[in-house]
**Student:** 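One structure, pasted below without further comment.
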There are 2 protein chains.
Amino acid sequence: MEEAATPRLTRSQRRRRTEERILARARELFAESGYERTTIRAVAARAGVDPALVMQYFGAKDELFRRAVAVSTEEVADGGPERLVERLLAAVGVKLGEQPPSSLALLRSMLTHPEATEHVRTSISGQLAHIQATIPGEDAELRAALIVATLFGVTLGRHLLDLDALRDVPPERIAALLRPAFTALAEGQATSDATGR
Amino acid sequence: MEEAATPRLTRSQRRRRTEERILARARELFAESGYERTTIRAVAARAGVDPALVMQYFGAKDELFRRAVAVSTEEVADGGPERLVERLLAAVGVKLGEQPPSSLALLRSMLTHPEATEHVRTSISGQLAHIQATIPGEDAELRAALIVATLFGVTLGRHLLDLDALRDVPPERIAALLRPAFTALAEGQATSDATGR
DNA sequence: GTCTATAAGCAGATAGAC
DNA sequence: GTCTATCTGCTTATAGAC
């Protein structure tokens with residue numbers, strides 16, 4: 001419509017790029033330091049823009065965080081009960097490979113940022129319900145919860161606590177060791193007399 | 001030495017009591033909201049004292065936090081390899097019973113407060129080394145790490161994320177379901193071919 | 001459209017009155 | 001010894017100049 005000299009990128013394209021860059025840097029910082037310790041100023045500095053611009057684009061810090069963690073909701077692949085353990089181990093592989101920064105950002109703040117807590121709780125409940133549905137027996141819910149908790153603990157230990165014993169281990173080795181444990185949880189019989197009573 | 005009217009509590013006793021009360025309330029708040037969101041003012045308000053008094057006693061917020069989480073380093077009871085699983089399950093019972101507020105305060109901030117992260121990492125490494133020493137085979141370290149991670153995940157899910165599926169379950173039931181899984185991790189053989197390669 | 005300047009609020013910490 | 005009043009610094013957020 002106008003006589004613009006057709007720049008290589010239109011304004012809206014440039015805007016989108018800048019926005020994406022800010023978001024990427026925000027994810028990094030949220031993943032490193034959590035919600036509270038991450039400042040708009042630091043995000044802006046790392047993205048090479050003015051702090052006011054971040055506010056202009058995202059309105060408020062809450063909103064920036066929400067956008068930064070928005071992507072991350074995974075699903076455990078569907079399937080019959082007999083292949084459950086294999087699918088779980090595949091999930092282990094995924095969780096222990098490269099985790100997307102958006103997930104790490106969410107996990108990092110999950111214990112201290114109420115909204116993040118709720119997000120994680122919902123996500124876990126979803127996985128749990130899904131696994132539960134393919135486990136037989138009346139202990140299904142608890143068994144599913146223990147499986148999810150294990151997955152959870154390993155992911156945390158590796159990516160957020162950086163435990164030496166987990167950090168540099170190939171996912172396949174972990175999956176191999178976890179297989180009998182998951183099998184026991186998913187299919188095994190409960191042993192009574194846990195307390196020696 | 002002096003003519004004091006022997007009050008029911010000496011000044012130093014009163015002081016110690018007040019200090020303990022502040023510490024207890026601080027633990028509660030740190031456990032609920034984490035380090036960042038807990039303010040000296042809020043601690044003082046809950047303890048019914050003046051904010052300046054808290055500073056007087058503890059000097060700085062960091063120091064208050066350090067004192068609040070100081071107590072919590074547990075040990076997995078010692079013993080030979082053959083009883084390892086039973087000792088682990090006993091630890092489950094402990095971890096799933098009432099957790100001391102100092103532990104919860106530490107755990108709540110473990111992902112976002114660098115000092116807390118380090119504290120937890122050290123504590124976990126200690127447990128890990130201990131368990132590792134009683135597991136045979138060359139996978140000992142990794143197996144121990146997976147056991148600790150599981151314990152960790154369950155504790156977190158129950159006490160900090162308040163997962164419905166874990167919150168109200170008697171520790172004995174959880175221990176019973178966990179036994180075969182721990183046995184598999186502590187004594188079982190690794191199955192190869194985790195990736196289907 | 002982008003940035004400068006600044007407002008407004010809240011935190012931890014301090015100095016000094018009582 | 002305990003509290004009042006305040007300082008200093010840092011944050012998010014806004015208003016307005018360029």
Side-chain angles (χ1 to χ4, degrees), chain A residues 1-2 4-23 25-26 29-30 32-68 105 109 112-116, chain B residues 2 4-23 25-26 29-30 32-69 105 109 112-116:
Chain A
M1 257 18 177
E2 275 132 22
T6 52
R8 300 171 52 109
L9 273 64
T10 68
R11 278 183 295 270
S12 88
Q13 280 176 325
R14 280 192 65 83
R15 190 197 149 100
R16 282 189 68 92
R17 284 213 175 182
T18 308
E19 199 174 317
E20 273 309 317
R21 195 174 72 245
I22 293 171
L23 214 43
R25 300 302 178 247
L29 281 166
F30 282 134
E32 289 168 19
S33 318
Y35 180 83
E36 309 286 343
R37 296 177 115 92
T38 298
T39 65
I40 299 275
R41 287 162 148 85
V43 172
R46 191 174 286 197
V49 301
D50 191 276
L53 196 66
V54 178
M55 295 301 294
Q56 185 72 9
Y57 283 0
F58 297 93
K61 187 182 174 182
D62 292 57
E63 196 54 38
L64 176 61
F65 182 74
R66 224 166 282 138
R67 295 275 304 276
S109 294
T112 42
H113 189 61
E115 203 171 315
Chain B
E2 274 133 21
T6 53
R8 302 172 49 110
L9 272 64
T10 68
R11 277 183 296 268
S12 87
Q13 281 176 323
R14 281 192 63 84
R15 189 196 149 98
R16 283 189 67 90
R17 286 215 174 183
T18 308
E19 200 173 317
E20 272 308 317
R21 196 173 72 244
I22 292 172
L23 216 42
R25 300 299 178 247
L29 281 166
F30 283 134
E32 289 168 16
S33 318
Y35 180 82
E36 309 286 343
R37 298 177 113 93
T38 298
T39 65
I40 299 275
R41 287 164 150 87
V43 171
R46 191 175 285 195
V49 301
D50 192 276
L53 196 66
V54 178
M55 295 301 294
Q56 184 73 10
Y57 283 179
F58 298 93
K61 187 183 175 181
D62 293 57
E63 196 54 39
L64 177 62
F65 182 74
R66 223 166 282 139
R67 296 274 306 272
V69 304
S109 294
T112 43
H113 189 60
E115 204 171 315

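Per chain, numbering begins at 1; letters A, B, ... match sequence-line order.
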**Student:** Which listed nucleotide (dT4(D), dT4(C), dG1(D)) is nearest to the side chain of Asp50(A)?
**Tutor:** dT4(C)
**Student:** Looking only at side-chain N and O atoms, does Tyr57(B) come under 4.0 Å of OP1 or OP2 in dG1(D)?
**Tutor:** no
**Student:** Select base, sugar-phosphate, or nothing to describe what Ser12(B) touches, counting heavy atoms under 4.0 Å on all strands.
**Tutor:** nothing
**Student:** Can you establish whether the number of heavy atoms outside Arg17(B) located under 6.0 Å from its atom CZ is more than 12?
**Tutor:** no
**Student:** Flag the pair Phe30(A) / Val43(A) as yes when at least one side-chain heavy-atom distance between them is below 4.5 Å, and no otherwise.
**Tutor:** no
**Student:** With sugar-phosphate meaning primed atoms plus P, OP1 and OP2, does Thr18(B) contact a base, only sugar-phosphate, or nothing at under 4.0 Å between heavy atoms?
**Tutor:** nothing
**Student:** Round to the nearest Å and state the distance from Phe65(B) atom CZ to dA11(C) atom C1'.
**Tutor:** 17 Å
**Student:** Before giving the answer on side chain to side chain contact (heavy atoms under 4.5 Å, CB included), spell out for His113(B) and Phe65(B) the whole-Å C-alpha distance, their side-chain angles and the decisive distance to 0.1 Å.
**Tutor:** CA-CA 10 Å; His113(B) 189 60; Phe65(B) 182 74; 3.5 Å; yes
**Student:** Show me the side-chain donor-acceptor pairs of residues 48-56 of chain A shorter than 3.5 Å, one per line, residues at least two apart or across chains.
**Tutor:**
from     : atom 1 : to       : atom 2 : distance (Å)
Asp50(A) : OD1    : Ala52(A) : N      : 2.8

**Student:** Please tabulate the protein-to-nucleotide N/O contacts below 3.5 Å involving nucleotides 13-18 of chain D, giving atom names and distances.
**Tutor:**
from    : atom 1 : to       : atom 2 : distance (Å)
dA13(D) : OP2    : Lys61(A) : N      : 2.9

**Student:** Starting at CD1 of Ile22(A) and ending at P of dT2(C), how long is that distance when rounded to a whole Å?
**Tutor:** 10 Å
**Student:** Among all residues two or more places apart in sequence or in another chain, which pass the ring-ring contact (aromatic ring centres under 6.0 Å, His included) test with Phe58(A)?
**Tutor:** none
**Student:** Find the distance Leu53(B):CG to dG12(C):C1' and express it as a whole number of Å.
**Tutor:** 16 Å
**Student:** Could you tell me whether the side chain of Thr18(B) reaches within less than 4.5 Å of the side chain of Arg15(B), counting heavy atoms only?
**Tutor:** no
